[in-house]
Amino acid sequence: MIKFKADLKENIHKKIGEKYPIDQSELDIDTTPSIKMGDLALAFPFQLAKKLKRNPREIAQEILSLLSPLEGIEKAEVAGAGFINLYLKKPEFFLQRLRQVGRSDLVPEEKKIIIEHTNINPNKTAHIGHLRNACLGDTLGRCLIHKGEKVEIQNYIDDTGVQVVDVVFGFMDLEKKSLEDLTRFEGKFDYYCWDLYARVSTYFEKHPEAQKRRSEILKKIEEGQAPEIQMADHISRRIIRAHLNTMKRLDISYDLLPCESSILALKFWDRAFTLLKEKKAIEFMDDGVNKGCWVMKLEEEADREKVIVRSDQTVTYVGKDIAYQLWKFGLLDKDFYYEPFIEDGDKIIWITTSKPHNDTPEFGKGTLVYNVIDTRQSYLQQVVVQGLKSLQFFKQAEKSIHFSYEMVALSPNSLKELDVIVSKEDQDKDFLEVSGRKGLGVKADDLLDRLEKKALYEVNKRNPDLSQDQKVDIAHQIAIGALRYFMLKYARNSLIIFDFEDALSFEGETGPYLQYTCVRINSIFRKLEEREDLRVEDILAHLPEKEKFISALSENELSDFWEIVLFASQLDEEILHTIRSLETSHLAKFAFNLSQKFNAYYHKYSILAEKDPEIKKIRILTIFYIKEILKQALSLMGIPLPERM
RNA sequence: GCGCCCGUAGCUCAGCUGGAUAGAGCGACUGACUACGAAUCAGUAGGUCGGCAGUUCGAAUCUGUCCGGGCGUACCA
């Protein structure tokens, strides 16, 4: 009802703007604490009271007489210490909402928005922490698309970094394997690398002399020398495919995979380096701890230096990230080349390359960029933004948004279940950070498998008559619902201490609860059609006149009806709130609360068995409206909707 | 040390661009299924919103300070 409120504001301002010193933007419209007190609340008399040094209630009283009549408003009254509460014209409002179903009031504001998320190092399997990142990023993308924005999803691939180097080292030096051996490897390659990476990390701790070989591999990969480059390439491409498969299970996809290897090959950094030097954004250190390095300082913390170019003239990750960020905004006057990497349904996921290809789409050139990266990297993200500012790209600096979130850690119970050996120093902690280096974490595919297995068991109990394929399909949808809701319901600054029992729950505030609610509603409509050959479309096509509409309801039922309709009508507000605050918890809680309200309504009022045709019709329209809103909310969260469950 | 974040019911968490009685889920206890699907619902118990001070007509929400915890502060990412 965003547009309704906006119109209302404008209307109110027209009526009082000349007499009272208040701006239209100050006329916030809130909800009342209880529906008994009205539907919408205006609190601006308090602001006026301050300006005019008068009693707020008196002012509210005065204004009230100026307001009526207001479009769409049945009645207005002064409440509390100086609120003005508005009562909507219920039949008109509901009819309007029904006509509006499926359409959003939100309007796009950007030319193009780029979201960077997932960003898993291509040297091991995806784990629970990566799932949080991907779910947050994907949901933000869905919300922005709903808002009408043009959105491009990028998943950055650090295919030339030390993490890949370590696995190359593991295969070549520890296991003495050739590229041919790797191509013959069968089984879950990303799982194998997970273990290998942990082994290599331990090896380096015990054998510091191996560092030399490690640097050598890194250099050879950066310079494209055989056979290390072929090994690295094979490993990273194969693992990217594994990651994409894992994410596909969750219905998460991407438009582009920008690779660090392309950034190096196409000399993005050289260009950025020149720019940074020209504008004196970075400084060469002749002396001190960072002697021989190019460093950058933050405006706010001048005593801190971040090394961008090392004394051996190699560039750090942040340096490459600055170049990448410049490219995202179209500020680098250099571009990638692209080739198709994989087909995902009816779309293609593209990857960057260093060689030209024909007929490739255009990427980048965003006007707003979200980087979904955990909070531990906020300092690095500040450095990237500082880079833009130093180059005088102030607008782009402002539009570089670090979507930061807390990590996922493991509870002592989860650790027990994982059967991992915990070091002495870690044993007393309340939780343990997920660590690829230590091989400590819940693998994404394992978790999904467990969820699916449990869901299948539950589906079997309830729907033994369905075919095995159907059951598996439903179980899969339930698993996604459970996992995605779990990842979205927390505030982003809240540390998730992962516990299997919580994550595997299908009851209470969970994704399956939401799915179950929708399934029930759908089931009613299915039965209406089967038993009575009744379709909502027919009712919608012959909506009654507003004068007669709803009048059949008793006072109590009208109040229950109204509460749920009014609540459901705020979906767009919640989406906007979610986008502005980057808190998916708002959307999640909204969907959950709406489901709760429906379930309560459902227990109180029967639909199929209702004798009075007028009342029945209104109830059908009511649950139809709830269903449509709920469906939208679930779809924005990427939670699928099974037909049965 | 400095920077960022967190501290709300027994447990896990929403609510934070200030608004009218602080909300959920789980757990505990009472109840409701020959069904519009109990993956549900109704109800009971449970909170000086970490402490103190300030700003305000109004503070869980803003400011300061203290206490407790996490993360960052690399020529790793």
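Just so it is clear, the structure is predicted and the values come from calculations on it, not from any experiment. Proteins get letters first, then strands, A, B, ... in listed order; numbering begins at 1 in each.
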**Item:** Secondary-structure notation, RNA chain B, from Watson-Crick and G-U pairs under 3.5 angstrom (| other strand)
**Value:** (((((((..((((.........)))).(((((.......))))).....(((((.......))))))))))))....
**Prompt:** Are Tyr516(A) and Phe506(A) an aromatic pair by the rule of ring centers under 6.0 Å?
**Reply:** no
**Request:** Under 4.0 Å between any heavy atoms, over every strand shown, what does Ala491(A) touch: base, sugar-phosphate, or nothing? Just pick one.
**Result:** sugar-phosphate
**Pair Lys453(A) + Glu458(A): basic N to acidic O under 4.0 Å** = no
**Asked** How close do Leu630(A) and Ala591(A) get, heavy atom to heavy atom, and via which atoms?
**Response** CD1-O, 3.6 Å
**Prompt:** In whole Å, what is the span from the CD1 atom of Ile59(A) to the P atom of rC57(B)?
**Reply:** 13 Å
**Student check: side-chain heavy atoms of Tyr513(A) and Ser595(A) closer than 4.5 Å** = yes
**Prompt:** With sugar-phosphate meaning primed atoms plus P, OP1 and OP2, does Ser585(A) contact a base, only sugar-phosphate, or nothing at under 4.0 Å between heavy atoms?
**Reply:** sugar-phosphate
**Nearest non-hydrogen partners of Ala210(A) and Phe169(A), listed with the distance** = CB-CZ, 4.1 Å
**Spacing of Asp374(A) atom CG relative to rA77(B) atom P, expressed in whole Å** = 15 Å
**Asked** Rounded to whole angstroms, how far apart are CZ on Arg492(A) and C1' on rA14(B)?
**Response** 15 Å
**Out of rU21(B), rA20(B), rG72(B), whichever nucleotide has its closest atom nearest the side chain of Tyr379(A)** = rG72(B)
**Message:** Can you build the contact string for nucleotides 35-48 of chain B? Use B for base contact, S for sugar-phosphate-only contact, and - for no protein heavy atom under 4.0 Å.
**Reply:** -BBSBBSS------
**Request:** Determine the interatomic distance between C1' on rC71(B) and the same-named atom on rG10(B); round to the nearest Å.
**Result:** 28 Å
**Item:** Integer angstrom distance from the C1' of rA14(B) to that of rA60(B)
**Value:** 12 Å
**Asked** Which value, in whole Å, describes the distance between the P atoms of nucleotides rU61(B) and rG69(B)?
**Response** 23 Å
**Message:** Nearest whole Å is fine: how far is rC71(B) P from Gln382(A) CD?
**Reply:** 19 Å
**Request:** When you get a sec, tell me which of rG25(B), rA20(B), rA14(B) is the closest nucleotide to the side chain of Ala79(A)?
**Result:** rA20(B)
**Message:** Taking any heavy-atom pair under 4.0 Å as a contact, classify Pro33(A): base, sugar-phosphate, or nothing.
**Reply:** base
**Request:** First locate atom CD1 of Ile373(A), then atom CG of Leu380(A), and finally report the distance between them rounded to the nearest 0.5 Å.
**Result:** 8.5 Å
**Prompt:** Which heavy atom of Pro412(A) sits nearest a heavy atom of Lys429(A), and at what distance?
**Reply:** CG-O, 4.5 Å
**Message:** For the C1' atoms, the ones on rC6(B) and on rU30(B), what distance do you get once it is rounded to whole angstrom?
**Reply:** 37 Å
**Asked** If the P atom of rA35(B) is compared with that of rG27(B), how far apart are they to the nearest Å?
**Response** 27 Å
**Message:** So, does His586(A) get its side chain near the phosphate of rC16(B), meaning an N or O under 4.0 Å from OP1 or OP2?
**Reply:** yes
**Message:** Using a 4.0 Å heavy-atom cut-off, does Asp158(A) contact any base of the nucleic acid, only the sugar-phosphate backbone, or nothing at all?
**Reply:** sugar-phosphate
**Message:** Counting primed atoms plus P, OP1 and OP2 as sugar-phosphate and everything else as base, spell out the protein contacts along nucleotides 6-12 of chain B at 4.0 Å heavy-atom distance: B, S or - for each nucleotide, 5' to 3'.
**Reply:** S-----S
**Message:** Rounding to an integer number of Å, can you tell me how far Leu380(A) CG sits from rC71(B) P?
**Reply:** 17 Å
**Asked** Can we say Glu557(A) and Lys604(A) salt-bridge, meaning some charged N sits less than 4.0 Å from an Asp/Glu carboxylate O?
**Response** no
**Message:** Check this for me, if you would: do Arg535(A) and Asp533(A) make a salt bridge, where the nitrogen-to-carboxylate-oxygen distance has to be below 4.0 angstrom?
**Reply:** yes
**Message:** Just the rounded figure in Å: distance from P of rC13(B) to CZ of Phe590(A).
**Reply:** 25 Å
**Request:** Check whether any side-chain heavy atom of Pro258(A) sits under 4.5 Å from a side-chain heavy atom of Gln154(A), and report yes or no.
**Result:** yes
**Request:** State whether Arg526(A) and Glu529(A) are salt-bridged, where the test is any N-O pair (Lys NZ or Arg NE/NH1/NH2 against Asp/Glu carboxylate O) under 4.0 Å.
**Result:** no
**Message:** Quick check on RNA chain B: between Ile84(A) and Glu509(A), whose nearest nucleotide comes earlier from the 5' end?
**Reply:** Ile84(A)
**Request:** Would you mind classifying the nucleic acid contact of Lys53(A) as base, sugar-phosphate or nothing, using non-hydrogen atoms under 4.0 angstrom?
**Result:** nothing
**Message:** So Ile615(A) and Tyr605(A), do their side chains get closer than 4.5 Å, heavy atoms only?
**Reply:** no
**Asked** How is Val295(A) classified with respect to the nucleic acid when contacts are heavy atoms under 4.0 Å: base, sugar-phosphate, or nothing?
**Response** nothing
**Fill in**
Phe500(A) atom CZ is separated from rC26(B) atom C1', nearest whole Å, by 19 Å
**Atom-pair distance (CG on Asn371(A); P on rA77(B)), nearest Å** = 16 Å
**Message:** Side chain of Met37(A), heavy atoms from C-beta onward: which of rC16(B), rA14(B), rA20(B) has the nearest atom to it?
**Reply:** rA20(B)
**Request:** First locate atom CD of Glu583(A), then atom NZ of Lys589(A), and finally report the distance between them rounded to the nearest 0.5 Å.
**Result:** 11.5 Å
**Request:** Assess whether one donor atom and one acceptor atom, taken from the side chain of Asn123(A) and the base of rA77(B), lie less than 3.5 Å apart.
**Result:** no
